[in-house]
Every structure is written in structure tokens, then in C-alpha cells.
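Contents: one structure, followed by commentary.
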Amino acid sequence: MSNIAEELINDEFVSAMEKKGIKDRIDLVFYFPKKYRDYRELDKSLDDVVESRGEGSDVYVRVKLLQNPGFKQGGGKRPGMMKVRVDDGRRQYFITKFGGIHAWRRFKAGNMVHIAGKVHYDDFGQCYTVKNPEIITPDIQGKIAPVYTACGKEYGSEKIAPLISIAVELFIQDAEKRICLAIGNTSQGIAAQVSDNFKSVAQILKAVHFPVSVKHLELAKKAIRLINALYVVVKVRESHHRAPNERSAIVYSVDDIKNQLKHVPFQLTDEQKRSIWSQTQQLASREPMDHLIYGDVGCGKTVSYLIPAILAQLQGKQVVVLTPNSLLAKQIHKDCQAYGPQCPSNLIIQGIKRKELNEIDLSKKPILIGTSALFKFIENSDEFDGADLLICDEQQKLGTSQKDKLTKEHTNIVEATATPVPRTVAHSIYGDKAVSFIEEPPVKKDIESVIIPPSQKREAFEKMKEIIASGDQVAIICPNRIQMYTWFDASLTSDDDEEDLLANLKKAGLSKVTVTQHRGKNFNIRCRMRNTDLFETKEDADQNIDGVKVTKWEEVAGAENALESKRNVEAVGQLWEKQYPGQVVTIHGGMKTEEKIDCMAKALDPECRIIVTSSLIEVGLTFPRLRALFIQASDLMGISTLHQLRGRLARHGGKGLFMMGLLKELDEVSERTVERLTVMTQETRGSKLAEADMYHRGMGDLTAKGVIQSGNVLALFPGMKILPSDLSDFLVRMQDIKRQEQKEDIQKVNNMAMA
């Protein structure tokens, strides 16, 4: 690096750019322009632009100064001002510049100057002029000029541009090598994967900073986004690769499957059979299984993983089934006992007496089925050596850290859900995660889904009364609480201090923020949401706020939430009880497990016509007569929760009405919320909803150690977030390349036949 370049690209500049994710001088090549200005062709005159494009349009003209520029010194926060009369060849007018006037001091009357700005009508002068004109220097005249995001007051966009230009010229080869090393391919190989128009990564980088045409620029920008996507795909596949392990192999025969299915009291669908066989083949391998069962609500995913689980246990393997709540765990345990009567299994949930837990004999490798209570049980056990097969039912309700507590290097993993979190969806589409679909319902359903703003609430309740009068059942879902108190585990992603962290959180919309404890850059923060549009839903909390990486969400003070749930549910329940005495049951989070089970039983009684509850019933519960479900605050819920609740309707077939009530009128609800709820009215399959949810909320951190389950996170280039559309475009290109290669192979064969 020359002395002049070293003086310009100095440590002070690089240090300042760290705020933008720049780690060193080479990273400056990855600081891409935020926009571009086209100075390849001059406009004939200001009036020509007014006539052809109108006021507010960009204008780039060559003018002659008719006088020396006049200057007025600024003071305090008031910027300096420059004013001069000019002639553009068709008309004379005054131009005025506020701030940044130093460059104008070198010009005199008679000088020709290239200027650019916006067409503006000057009320004082009663004519059109160029608003706040910029001087276009000879080095960018006739070119498409990049415009870079400023970095503080010290480095404005005009000052950064020449520095980035120098950095690109000096370090482009080093930047190219850095990309090749990160992706694990040659420059030419990467270029071929992302574009037909560039021969190397260096060419793409140079085209982004110094485009020669608009088409050239668009091709380069697309290639950069595809390089970003290629990097993510490579990392996703690396994260899924686990070394072969002898302990991973679990082998049983087709006859074993047939014999076990004799205990299942119904005929399996083709999808269920395919899922069982797919898992069987993967389990027989020494490579640890990573399998996702897209089991839509009410389509029978439980039997699809329990049969392999039972057969694995009978081979002497340790099987663990992890669920998000006790009611679901009990149902799975009941099914396990029915489908595998010869197989030992134990239920581990809150409320199980210590004496019963102490009697569990882990030497017999029973199937362990339970909630988070499993973790404490395992911690107190010396015999548990990791699961050989771990099944996570309702995966979207379980965190990555929970799964990690039960796994070892050899553990086979099955995740079952109707709507997986965006990160898992992305892994299934773009990675090597095996997938089986169970979306064929055993009965025919016809569920109508509608959005109900407050103005239509009366009509919705009249419809529910009609259903009650017909002898069927309805349910009302009450929100736990409108204002949520939340735990965030946050860490800084820059060298900011604690004050900056708190400021960024408050800026993002969080109020009553206090740091309760911290170690270095890791903080535990108690925050309160100002409003629900901050993250849309609690699934959206896993994301990057400026300078802060949010890695975990937990509701704080479970007792408070349970109490609020109880208040909301019981208040609504009392209103319905007045109209339908003896026909209402309430179920809420403030109840003990035994109370909930009793209320569930009452809900199944023919006399019960109305169920008033929280979202507690969303997972694993069946109410055969339930025909209508009204959610009081669907704008607080994510796609996954809404789809699970909808799945409670018409479980034995027939029609159902799913009503998504809003807290505000449609025109007062955020656009993102409307989009989310509209998807629910258009799509019924869980897999398609999960994919839409991924596009809506982002894919999260797809790397091996990533815990962020949603949001658009950074990938290879500083400041450039990876979007689902980027990965889709990359996959389409890979498919096109593969088809072209197949055509060429066929042509070669044909040529050989003709020779």
C-alpha cells in the first residue's frame, strides 16, 4: 500500500467503520453502495426536465456562473449559505446551497460547473431552480456514481466514496480470496454458480462499485446477493453434517414394523407409511438422522414417530419424546402404551411425585415422555447418557437450547410439527434435513377462516349463537395479557457500552428497560413492550436490534401471566354463563394440571356448549363437537399458534368456522399483521403456512450454532441481510444450471451415436 493510500485508508477511518460491521481494510471492499446516481448524460436544461419529468425530478445540467458566488456565514446550528446566478443555455436563475459550501469557493464568474439536484419551484423568485445543488466533479462525470451510507458526522457519503474507491483498487484481490475461503470454491467456480455474465468474483465486486451501465449494475447486484445466498447454503449443509457414529445405527426389519402396527387400531395413510419407512431407512445408517415430520393438525403425526420409537426401544436404545405441555405429553404416553404394550415407557411432567420418578429404571431404557421436567430428572440421573433417538413434538414451541440438553454426537433427531419455526423451514428447503409430509386428513374438513374487526364482532357472536342452538360447540380464545413483560438475553454486536445498549433497546420500542445483571458484553434485560407492533408476535422477538443480538425469549413471571389468563378467561366465561347457565366451561393457565384435566372432561360432556379458554388448547386436544372458534386478539398471535387453534375445529370432519378477532379496525392494524392474517384465510396446509411465515418473518440464523429462529440476519457481507427470496433465486439458478448440464450431456451422447 502506497504512503498516500495508507494515509487516506488509515486506522482512524477503519475504526470508525467498525460501526458498519467493517473489521479491517479488506472488508471495506464489501461496503456496498446504498444507491447510485447516473451522470452519464447531461440534461439539456432545467426547463427540459420540468417539461418532461416534472417538479421533484432529478436534474443534471451544465451551467455558467454569471457572477461570483455569494456566501453567508452560518452560526450555531445554522449552516452557511451560498447563492449564485447561473445560465444553463436556455434560461437564467439563482441556485442556493445550504451547508457544504466550501467547494464553491474556488469558482468565479464565467466558470462552467456540472451540478445535480432536484427540480424545485422557488416561490420567492417565482421560477424553477435546482434545489441544494451538488457539484459533479470531473472524476464522476460521464459515469454511474456510487453513493455510500455515511458513517457519523466525520465521514459523510461524499467523503467515504473516494476512500472506498481506493480500498477497492488496493484490496479487491484480497477480498476475492476471503470470499473463496469462506465458501470453499475458486473465484471462477463461484462466479459460474451465480452469474453467466462475470468470469470471477473480482469482476462482480468491481462492477458493484464501478458499474458501466444500468444493466451491468443490476447483474452485479444480483450476483452479490446470490454469493451471499451461496455462502448460507454452504454453511447450512456444513451445520447438518455430523460424523458417522456406530451408536447412531438403529436397525429393525419390515416384519418388525408389520408386527408393531397390529397394535394400532386404525389403518395408516400412505403418507404415514412413507414417513415410518423413511425414518427406518435413515436410522439404519451410521450417520445421525435429522428428520422433520410436517404433520398437519389432525393428520396423525404421532403414530408416524411412535412406531420407530417403540422399535428403537426394543433394540435397546434410549428414546426421549419432548413436548411443550403436560396435556400433550399425557396423550402421547397413552398412545405409546397402546401402540407398544410390550415396550416400557415413563411419563415425566410437573406434578409427578418424586417417589414415582425414583422408581424409573433407566437400565431398561424406557421411552421417556415429558416436558421440561425431563431436564431436572436427567440432571439427577447418573445412568442417562444422551438420547439415541430424540423426538421433539410441536417443535415450534421448543427452543434449540432445550434440544441440545438431550443430544450427543450420535443422537438421531426427529422434529414433528404442523408449522416449524422459520429457521427449521429454511434448513428443510436449503439444507440436507430429511422431510416427510403428513397432510392428508383422515376425514374431510371444510373450515372457513375469516378476519373479524371490532365493527363485525356482533355479527360473529350471533353466528356462534346459531351454532350453539344447533347443538354443536363453540370456543372463545382469550389473550393472556395485552402488555407483556419479557426476558431478553441480549449481547452487543459492537463495542458500544451499556448506555448504548439501553438506548438501542428503547429506540426499538421497548420501555421500562433495566439491566438486572451482566458479565462483560452479556446482559439479562427485563423489558416491557410498548405495543404489539414492535415484533408483531412473540415469535418475531428473535432478531437483531441495532447493535444488539437478541438470542432468547421467555415470558417473565409465569404466575403473573397465569393470573392474567385466569382473569380474562373467567370474566368472559361469566358473561357467557349468564346467557347459557350450566353450559359453559372455562380453562386457563392459572389452573393446576388436575383441574385442567377435569375441565377438559367437562368440555367433552354433551351439555357443554361453550368453551372459554386461553391458547392452552392449541396443542394435542380434541373436542369432537367444536364447530366455531373465535379468537379475541388474533393480531397478537403468530401463524403457528393460529393454525394450531384452527386445527381444533371439526376434528371428526364436516364444517367449521374460524374467526380471527382484532383489537382494532383493519385500517388501524399494521400492514404486516394484515398480511399474516390474510395468509390464514387463503391457505390451510401447515407446510405452506410455515413457508409463508418464513418469508414473512425471515429465516433466522442458519449456521450450526445459530439460536435465532426468525428474522433476516447478516451472512457473508457486512450490512447485507440474507432474504428468503435470495435463497429461492439461488436454488432456481442451480436448477437451471443442472437442466442445462443434462441437455449438454444428452447432446454429447447423440453426437457420439451419430459419429
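Just so it is clear, the structure is predicted and the values come from calculations on it, not from any experiment. Just so it is clear, the values below take in all heavy atoms, side chains as well, and ignore hydrogens, waters and symmetry mates.
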Q | Reported CD1-to-CG distance for the pair I413 and L390, which is rounded to 0.5 angstrom | A | 6.0 Å

Q: Kindly indicate whether the side chain of Y155, heavy atoms from C-beta on, has any atom under 4.5 Å from the side chain of L163.
A: yes

Q: Compute the centroid of each ring, for H216 and then for F210, and state whether the two points are separated by less than 6.0 Å.
A: no

Q. Can you tell me if Q644 and S640 form a side-chain donor-acceptor pair at under 3.5 Å?
A. no

Q.
Between S634 and G661 (side chain of the first, backbone of the second, donor and acceptor by atom type, cut-off under 3.5 Å), is there such a pair?
A. yes

Q: Go through the steps for Y294 and V435 under the test side chain to side chain contact (heavy atoms under 4.5 Å, CB included), then give the verdict.
A: CA-CA 7 Å; Y294 263 115; V435 180; 3.5 Å; yes

Q: Ignoring hydrogens and angles, tell me if any N or O in the side chain of N228 forms a donor-acceptor pair with the backbone of L716 under 3.5 Å.
A: yes

(Q) Within the 4.5 Å heavy-atom criterion, are I631 and M637 side-chain neighbours or not? (A) yes

Q | Shortest non-hydrogen contact between G647 and K445, atoms and distance | A | O-NZ, 3.8 Å

Q: Write down the atom of F717, the atom of I179, and the distance for their closest heavy-atom approach.
A: CE2-CD1, 3.7 Å

Q) How about Q682: does its CD atom have over 12 heavy atoms from other parts shown lying under 6.0 Å from it? A) yes

Q) With side chains defined as the heavy atoms from C-beta onward, is the minimum distance between V732 and F730 less than 4.5 Å? A) no

Q. Taking the side chain as C-beta and beyond, is there a heavy-atom pair between I639 and L642 under 4.5 Å?
A. no

(Q) I172 and side chain to side chain contact (heavy atoms under 4.5 Å, CB included): which single residue from L205, I26, V201 fits? (A) L205

Q | Straight-line distance of F658 CZ to I447 CD1, nearest 0.5 Å | A | 10.0 Å

Q.
Between V168 and L170, is there a side-chain heavy-atom distance shorter than 4.5 Å?
A. no

Enumerate donor-acceptor pairs with a distance under 3.5 Å from any side-chain N or O in residues 217-224 to protein atoms, sequence neighbours excluded.
none

Q) So, for A150 and Y31, which heavy atoms are closest and what is the spacing to 0.1 Å? A) O-OH, 4.3 Å

Q: Quick one: pull up CD in E440 and CD1 in I438 and give me the separation to the nearest 0.5 Å.
A: 10.5 Å

(Q) Applying side chain to side chain contact (heavy atoms under 4.5 Å, CB included) to I293 and Q279, what does each step give before you reach the verdict? (A) CA-CA 10 Å; I293 299 177; Q279 293 172 70; 3.6 Å; yes

Q: Taking only Lys NZ, Arg NE, NH1 and NH2, and the carboxylate oxygens of Asp or Glu, determine whether D27 and R178 approach each other closer than 4.0 Å.
A: yes

Q. Between Y60 and G142, which heavy-atom pair has the shortest distance, and what is it?
A. OH-N, 4.5 Å

Q | Sequence-distant partners of R53, side chain to side chain contact (heavy atoms under 4.5 Å, CB included), two or more places apart | A | D43, V49, S57

Q: Output yes when E439 and K301 qualify as a salt bridge under the 4.0 Å nitrogen-oxygen rule, no when they do not.
A: no

Q | K23 and E18, any side-chain heavy atoms less than 4.5 Å apart | A | no

Q. Would you say the side chains of Q193 and N185 form a donor-acceptor pair under 3.5 Å?
A. yes

(Q) As an exercise, state the distance from CG of L230 to CZ of R225, rounded to the nearest 0.5 Å. (A) 14.0 Å

Q: Not counting sequence neighbours, list each pair that qualifies as a salt bridge (charged side-chain N to carboxylate O under 4.0 Å, His left out) and has a residue in residues 189-208.
A: D196-R733

Q. Quick one: does S275's side chain have a donor or acceptor within less than 3.5 Å of a partner on E271's backbone?
A. no

Q | salt bridge (charged side-chain N to carboxylate O under 4.0 Å, His left out) against E134, all qualifying residues, sequence neighbours excluded | A | R37

Q) How long is the span from the OG atom in S304 to the CD atom in Q272, to the nearest 0.5 Å? A) 4.5 Å

(Q) Pairing donors with acceptors under 3.5 angstrom, does anything connect the side chains of T673 and S670? (A) yes

(Q) Is any side-chain heavy atom of N412 closer than 4.5 Å to one of D290? (A) no

Q) Could D58 and K118 be called an ion pair, given the rule that one side-chain N must be under 4.0 Å from one carboxylate O? A) yes

Q) Where the side chain of R676 meets the backbone of D635, is there a donor-acceptor pair that is under 3.5 Å apart? A) yes

Q) So, S436 and R274: side-chain donor and acceptor under 3.5 Å apart, yes or no? A) no

Q: Start with the C-alpha gap between F171 and R25, add the side-chain angles, then the distance that decides, and say whether side chain to side chain contact (heavy atoms under 4.5 Å, CB included) holds.
A: CA-CA 8 Å; F171 306 118; R25 289 174 171 81; 3.6 Å; yes

Q: Show the numbers, then the answer: is there a side chain to side chain contact (heavy atoms under 4.5 Å, CB included) between T684 and L689?
A: CA-CA 7 Å; T684 58; L689 285 169; over 6 Å; no

Q: Calculate, to the nearest 0.5 Å, the distance between atoms CG and CD1 belonging to L28 and I160 respectively.
A: 9.5 Å

Q. Between H209, K34, K20, which is the residue that forms a side-chain hydrogen bond (donor to acceptor under 3.5 Å, both in side chains) with Y148?
A. H209

Q: Indicate yes or no for a side-chain donor-acceptor contact from Y36 to the backbone of V208 under 3.5 Å, with no hydrogens or angles considered.
A: yes

Q.
D729: which residues meet the salt bridge (charged side-chain N to carboxylate O under 4.0 Å, His left out) condition with it, sequence neighbours left out?
A. none

Q: Output every pair passing salt bridge (charged side-chain N to carboxylate O under 4.0 Å, His left out) with a member in residues 677-688, not counting sequence neighbours, ordered by first then second residue.
A: E683-R685

Q | Close side-chain approach of L666 to L662, heavy-atom, < 4.5 Å | A | yes

(Q) If only side-chain N and O atoms count, and only distance matters, is there a donor-acceptor pair under 3.5 Å linking H291 with Q282? (A) yes

Q. If you measure only the distance, is there a donor-acceptor pair under 3.5 Å linking the side chains of E176 and S187?
A. yes

Q | D393 and Y305: side chain donor to acceptor below 3.5 Å | A | yes

